[in-house]
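Remarks on the structure that follows.
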Amino acid sequence: MDLDVIVIGCGVAGLSSARLLQEAGHRVRIWARELPPRTTSNIAAAFWYPYRVFPRDRVDAWARDSYAAFARLVDAPDAGVLPRQALELFPAAASADIDASWSAALPGARPAPADDLPPGYVGGQLFDSFVVETPRYIPWLRARFLAAGGTIEARAVDSPSEALREADAVLHCPGLGARETAGDRAMLPVRGQLVRVENPGISRVIVDEHSGGAITYVVPRSRDVILGGTSDEGDENLEADPATTEAIVARCLALEPRLAGAARLGVLVGIRPCRPEVRVEREELQGGPVIHNYGHGGAGITLSWGCAAEAVSLLGA
Ligand SMILES: Cc1cc2nc3c(=O)[nH]c(=O)nc-3n(C[C@H](O)[C@H](O)[C@H](O)COP(=O)(O)OP(=O)(O)OC[C@H]3O[C@@H](n4cnc5c(N)ncnc54)[C@H](O)[C@@H]3O)c2cc1C
């Protein structure tokens, strides 16, 4: 049965869900308070890596499904999905406690040779990942949705019920906005600051999330490199902090010395929509079903296709 469905939200969760709804034969409209490029999804670094997101068993399945979807998009012209080798580093203090089981089945997964480790690290693993160039990918996704007959309206809602008055079903993808639209008190804003520099010719992603404190990562895109980051719980300040910028650059230089002297192109700040557990769930409201798809924390790109597929399947029509 084809339905009239309104998707709330025009970030990666809303757009991916909207595309899969279209593929399932539904008529789809997106309503969103902010449109790209003014969404968190546009700021994401963004590489495939299940960071700061739970519960682990569901996350692993969603991440795997999305991984397969990104592999299919590598050859799509203009999608901005780049295959990249990733090096995850293990510092001495934390190495015994690290569970790297999520990566065991990934293509290219193997222990990193000692020569690949920057000073101060006792181990690491290599795996094949994807960098999703959000300034290219989000417009590409949006264009595909519009070309398939979808419509996008800049419109804020107070709750999914408001959209249900005009549709058979609602797919609810408001990111951090779930605090207002669903009164969801489990949402936790986690601020991230990034530095964009020129690419001196590097292609490997490097990440250290195990050293305590902030996550550090080097994410090479086609023309620039994103350096991160911070993980400031409860902080929603969108102003860049200059001292933090210097600290990020210094930490990344220690991981990748070829970044020395790379021209700075800008600083980005975004707020991750964290939640103790991602919410992909069906709820029956007066007027019809609402499928929730939000709370993807620091991994909304990584989980996007897997969560969208499950959300659309929950519609069951
Ligand atoms: C610094 C940083 C780095 C990151 N790096 C990565 C990474 O490397 N890999 C990765 O996988 N993820 C990464 N992430 C996480 C990723 O960006 C998020 O998980 C993802 O963007 C969430 O997508 P979303 O569609 O749920 O939310 P958003 O992109 O925030 O979209 C939410 C949409 O809902 C709309 N909305 C909200 N409230 C309302 C309302 N009341 N009415 C109507 N519309 C509403 C908004 O306007 C917007 O259109 C990063 C995030 C940050 C901040």
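Note that ligands are numbered from 1 as they come in the structure, with each ligand's atoms numbered from 1 the same way.
Note: H292 and Y294 have perpendicular aromatic rings, judged against thresholds of 30 and 60 degrees for the angle between ring planes.
For R258 (side chain) and I202 (main-chain N/O), no donor-acceptor pair under 3.5 Å exists by modelled atom type.
Note: no N/O pair closer than 3.5 Å links A44 and ligand 1 by distance alone. For G9, no nitrogen or oxygen atom sits less than 3.5 Å from a nitrogen or oxygen atom of ligand 1, counting backbone and side chain alike.
Short contacts between ligand 1 and I301, defined as distances under 4.0 Å to a heavy atom of the residue, involve ligand atoms 10 (C), 11 (O), 12 (N). Per-residue contacts place R155 under 4.0 angstrom from the following atoms of ligand 1 (heavy atoms of the residue considered): 43 (C). Within ligand 1, counting atoms from 1 as listed, the ones closer than 4.0 Å to a heavy atom of Y217 are 3 (C). Shown in contact with G175 at under 4.0 Å from a heavy atom are these atoms of ligand 1, numbered in order with element: 26 (O), 27 (O), 32 (C). Residue-ligand proximity, E34 to ligand 1, at heavy-atom distances under 4.0 Å covers atoms 47 (O), 48 (C), 49 (O).
Neither the backbone nor the side chain of S304 has any atom closer than 4.0 Å to an atom of ligand 1 (non-hydrogen atoms only). Contacts between I271 and ligand 1, counted as non-hydrogen atom pairs separated by less than 4.0 Å, involve the backbone only. Of all the heavy atoms of R191, none lies under 4.0 Å from any atom of ligand 1, so neither backbone nor side chain is involved. Counting heavy atoms closer than 4.0 Å to ligand 1, residue T181 contributes side-chain atoms (C-beta onward) but none from N, CA, C or O.
Residues S211 and R251 have side chains not in contact (no heavy-atom distance under 4.5 Å, counting atoms from C-beta outward).
For R84, the salt bridge (Lys or Arg N to Asp or Glu O under 4.0 Å) test picks out no residue, with sequence neighbours left out.
Ring centroid separation for the pair F47 and Y217 comes in under the 6.0 Å cut-off.
In this structure, R136 CZ and L141 CG are separated by 13.5 Å, a value rounded to the nearest 0.5 Å.
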